[in-house]
Amino acid sequence: MASPTNVYNVVEERFPTELRFVFFSIGKRVVTKIIAYVNSHQFEGRDVYNLGFGDYDPTINDVEDQAKTNNGDAYKVFNTVLSTVPLFFEMFPNAILMVQGSDSSADFVEKCRTTCTKRCRSACRKFNQRVAVYRNFVEKHFAELCVSYWFLGGFIHAGYNLITERYIPGRKYDAILMFTK
């Protein structure tokens, strides 16, 4: 999925309900990053893993997925995240991977309005920005990715209910689900 020459080295960590990859973003400073695949629920008899990503926060000993590091290496970090997807499917070939941004939750807009300097009038411009990065990647490489993966697009309704459909390029989704062919 990502060029092996433009990624950071990752260290794998396994937990009972989670698979993590840890790496260091090296830019303006050195930042520990964590890619977490967390088993969240079942869908049509398959385990669904949510892709989480962010900076490691030692004060809470967990991932801070709202962090904006601005470390000058965004493409290399993104490629590193993408490079772990095939590794995930090697370990969990029957799983479904769900990608949605930490800015996709139902309460994000209300939280954003309390601190946002943009003062969006109708729609929050930050809502779903993170999933849009993944969606743009899928759009750009859709034909190539469809050789190995099936895709579903998801819409969040009534708070947290996810409604899915076969992925349609060009449609804005709140979540992307993928699984191997």
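Index from 1, following the sequence.
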In terms of heavy-atom contacts, Asp73 and Ser25 come closest through OD2-OG, 2.6 Å
More than 12 foreign heavy atoms under 6.0 Å from CD of Glu44: is that the case here? no
Determine whether a donor-acceptor pair (N or O, by modelled atom type, separation under 3.5 Å) exists between the side chain of Thr32 and the backbone of Tyr56. no
Give the cluster check for Val99 versus Ile168: same hydrophobic cluster or not, with ILVMFWY residues linked at side-chain heavy-atom distances below 4.5 Å. yes
With heavy-atom distances below 4.5 Å as the criterion, would you say the side chains of Leu162 and Leu177 are in contact? yes
Nearest atoms (heavy-atom pairs only) where Val81 meets Thr84: O-OG1, 2.7 Å
Is there a donor-acceptor contact under 3.5 Å from the side chain of Thr180 to the main chain of Pro93? yes
Go through it in stages, so that I can follow the logic: the residues are Glu139 and Tyr167, the test is side-chain hydrogen bond (donor to acceptor under 3.5 Å, both in side chains), and I'd like the CA-CA distance, side-chain angles, deciding distance and then a yes or no. CA-CA 10 Å; Glu139 299 281 323; Tyr167 192 92; 2.6 Å; yes
Under a 4.5 Å cut-off applied to non-hydrogen side-chain atoms, are His41 and Met98 in contact? yes
For Tyr49 and Tyr37, run ring-ring contact (aromatic ring centres under 6.0 Å, His included): C-alpha distance rounded to whole Å, both residues' side-chain angles, the deciding distance at 0.1 Å, then the answer. CA-CA 6 Å; Tyr49 286 79; Tyr37 294 90; 7.6 Å; no
In one Ile/Leu/Val/Met/Phe/Trp/Tyr side-chain cluster, 4.5 Å: Leu97, Met91: yes
As a quick check of understanding, evaluate side-chain contact (heavy atoms from CB on, under 4.5 Å) for Arg20 and Glu12, giving each step before the final call. CA-CA 6 Å; Arg20 285 186 173 192; Glu12 177 187 313; over 6 Å; no
Residue that, paired with Lys33, satisfies side-chain hydrogen bond (donor to acceptor under 3.5 Å, both in side chains) out of Thr80, Asn71, Asp55: Asp55
Ile163 reachable from Ile156 in the ILVMFWY side-chain graph, under 4.5 Å edges: no
Check the pair Asn50 / Gln100 against side-chain contact (heavy atoms from CB on, under 4.5 Å), numbers first and verdict last. CA-CA 8 Å; Asn50 184 58; Gln100 63 182 50; 4.0 Å; yes
Interatomic distance, Arg29 atom CZ to Phe24 atom CZ [nearest 0.5 angstrom]: 14.0 Å
Over 12 foreign heavy atoms within 6.0 Å of CZ, Phe155: yes
Donor-acceptor side-chain pairing of Tyr173 and Glu165 below 3.5 angstrom: yes
Could you tell me whether Asn9 atom CG has more than 12 heavy atoms of other residues or ligands within 6.0 Å of it? no
Verify the distance criterion only: is there a donor paired with an acceptor across the side chains of Asn79 and Tyr8 at less than 3.5 Å? no
Smallest heavy-atom separation, Phe89 atom then Ala95 atom, equals CE2-O, 3.4 Å
Looking at side-chain heavy atoms only, is the closest gap between Val31 and Phe23 below 4.5 Å? no
Could you go through Leu87 and Phe21, starting from their C-alpha distance and side-chain angles, then the distance that decides it, and tell me whether this counts as side-chain contact (heavy atoms from CB on, under 4.5 Å)? CA-CA 10 Å; Leu87 301 174; Phe21 295 94; 3.9 Å; yes
Point-to-point distance, once rounded to the nearest 0.5 Å, from OG1 of Thr164 to CD1 of Ile176: 13.0 Å
Could you please spell out the steps behind the side-chain contact (heavy atoms from CB on, under 4.5 Å) verdict for Phe92 and Asp47? CA-CA 9 Å; Phe92 303 101; Asp47 287 330; over 6 Å; no
Locate the shortest heavy-atom distance separating Arg14 from Leu19; write the atom from each residue and the value. CG-CD1, 3.8 Å
What about the rings of Phe179 and Phe151, do their centers lie closer together than 6.0 Å? no
Looking at Lys181, I'd like to know if its NZ atom is crowded, meaning that more than 12 non-hydrogen atoms belonging to other residues, nucleotides or ligands lie closer than 6.0 Å. yes
For the hydrophobic clusters of this structure (ILVMFWY residues joined by side-chain heavy atoms under 4.5 Å, transitively), does one cluster hold both Val11 and Leu51? no
Do Val85 and Tyr75 sit in the same hydrophobic cluster, where Ile, Leu, Val, Met, Phe, Trp and Tyr count as joined when their side-chain heavy atoms come under 4.5 Å apart? no
Would the distance check show the side chain of Ser148 and the main-chain N or O of Leu145 forming a donor-acceptor pair, the cut-off being under 3.5 Å? no
Check for me whether the distance between the ring centres of Tyr134 and Phe78 falls short of 6.0 Å. yes
